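Structure first, then comments.
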Amino acid sequence: MSAPRLPREFFTRPTLEVAKDLLGKYLVHEEHGQRLCGMIVETEAYVGREDAASHSYGGRRTGRNEIEYGPGGHVYIYLVYGLHWQLNFVTSVANEPECVLIRALEPVEGVAKMKTYRHTDDPAKLTNGPGKLCQALHLNKSFNGYDLCDKKAKFFVEDRGIEVAAEAVKRGPRIGIDYAGPRWSKIDWRFWIKDNPYVSK
DNA sequence: TGTCCGATATCCT
DNA sequence: GGATATCGGACAT
């Protein structure tokens with residue numbers, strides 16, 4: 001029943017590789033003994049200093065993004081538009097402030113609970129967006145800085161040995177970052193599983 | 001202390 | 001397809 005958890009070394013690799021390899025892994029939040037779990041089907045890479053769409057562009061370092069400068073395998077979560085949480089995994093190697101945004105999941109365990117958190121019965125709308133999946137797995141600011149690789153972690157990523165075939169991995173431009181200018185809003189740093197119905201639209 | 005605005009979701013027409 | 005909700009971070013004053 002207990003699949004191996006992703007170790008620190010998984011996260012402390014080049015961010016684009018981590019973003020791609022997270023596809024097909026299982027995100028688990030054990031809450032009061034109940035497992036809320038979904039398979040990762042869509043991610044985006046935010047490559048720190050050089051990336052105008054990143055919070056740490058140009059080495060910007062503030063109270064909010066301080067976590068990005070810490071070790072890999074930790075959670076960076078913050079609020080946008082006053083109401084939506086964005087879940088990221090820090091990949092920082094050698095103090096480079098980089099991370100991967102989790103954009104969509106396929107619900108796997110604890111679906112009934114997710115429905116109550118999301119206030120909907122439609123499984124297709126449960127976790128197909130960055131704000132939605134945080135609401136479904138009951139994630140918020142209290143998880144900022146959380147260590148996914150701690151042995152006792154209640155929130156972590158499982159590897160169930162599923163290999164996503166290379167031809168099933170699609171990539172394209174990231175979403176909602178036109179403000180960063182064409183160079184960064186057009187670069188193909190978003191990854192998703194081809195034809196998966198839970199990828200965001 | 002004040003102003004500006006966003007790595008979105010939802011409701012409305 | 002378009003408007004807008006809603007709030008805290010960032011940065012200027």
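These numbers come from a predicted model, not from an experiment.
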| Can you list every pair that meets salt bridge (Lys or Arg N to Asp or Glu O under 4.0 Å) and has a residue in residues 66-84 of chain A, with sequence neighbours left out? | Arg61(A)-Glu66(A)

| query | Can you check the Gln86(A) CD to dA9(B) P distance for me, whole Å? | reply | 7 Å

| Heavy-atom distance under 4.5 Å between the side chains of Trp189(A) and Thr15(A), does that happen here? | no

| message | Distance check needed: dG9(C) P versus Tyr81(A) OH, whole Å only. | response | 17 Å

| said: Rounded to whole Å, how long is the line connecting atom OH of Tyr179(A) with atom C1' of dG9(C)? | reply: 13 Å

| task | Please report, rounded to the nearest Å, how far the P atom of dA9(B) is from the CG atom of Leu126(A). | result | 13 Å

| request: Check every strand shown and say whether Ile175(A) touches a base, only sugar-phosphate, or nothing at a heavy-atom separation below 4.0 Å. | output: sugar-phosphate

| How about Trp192(A) and Val41(A): do any of their side-chain heavy atoms sit closer than 4.5 Å? | no

| query | Is there a side-chain contact between Tyr26(A) and Val108(A) (heavy atoms, below 4.5 Å)? | reply | yes

| message | Can you confirm whether Lys25(A) sits close enough to Thr43(A) that some side-chain heavy atom of one is under 4.5 Å from a side-chain heavy atom of the other? | response | no

| message | Can you identify which nucleotide, out of dA7(B), dG9(C), dT10(B), has its nearest atom closest to the Tyr78(A) side chain? | response | dA7(B)

| Does Arg8(A) pair with Asp147(A) as a salt bridge, N-O distance under 4.0 Å? | yes

| Side chains of Val169(A) and Phe191(A) in contact at under 4.5 Å (non-hydrogen atoms) | yes

| message | What's Ile177(A) touching, base or sugar-phosphate or nothing? Going by heavy atoms closer than 4.0 Å. | response | sugar-phosphate

| task | Could you tell me the separation between the CZ atom of Arg190(A) and the C1' atom of dT8(B), rounded to a whole number of Å? | result | 14 Å

| Can you find a heavy atom in the side chain of Phe155(A) that is under 4.5 Å from one in the side chain of Leu148(A)? | yes

| said: What's Lys125(A) touching, base or sugar-phosphate or nothing? Going by heavy atoms closer than 4.0 Å. | reply: nothing

| Under 4.5 Å between any side-chain heavy atoms of Gln86(A) and Cys134(A), yes or no? | no

| field | Nucleotide nearest Lys132(A) (side chain, heavy atoms from C-beta), chosen from dA5(C), dT10(B), dG8(C) | value | dT10(B)

| field | salt_bridge(Arg35(A), Glu30(A)) N-O dist < 4.0 Å | value | yes

| OP1 or OP2 of dG9(C) under 4.0 Å from side-chain N/O of Lys141(A) | yes

| query | How would DNA chain B look in dot-bracket form, 5' to 3', counting Watson-Crick and G-U wobble pairs with both distances under 3.5 Å and writing | for bases paired to another strand? | reply | ||||||.|||||.

| said: It should be established whether Arg103(A) places a side-chain nitrogen or oxygen under 4.0 Å from OP1 or OP2 of nucleotide dA9(B). | reply: no

| query | Nearest to the side chain of His84(A) - dT10(B), dA7(B), dA9(B)? | reply | dA9(B)

| said: Among residues 40-77 of chain A, which ones have heavy-atom contacts with DNA chain C below 4.0 Å? | reply: Arg60(A), Thr62(A), Gly63(A), Arg64(A)

| task | Would you mind reading off the distance between Leu79(A) atom CG and dG9(C) atom P, rounded to a whole angstrom? | result | 9 Å

| Please give, in whole Å, the distance from dC5(B) P to Asp178(A) CG? | 15 Å

| said: In whole Å, I'd like the distance from the CG atom of Leu83(A) to the C1' atom of dT10(B). | reply: 9 Å

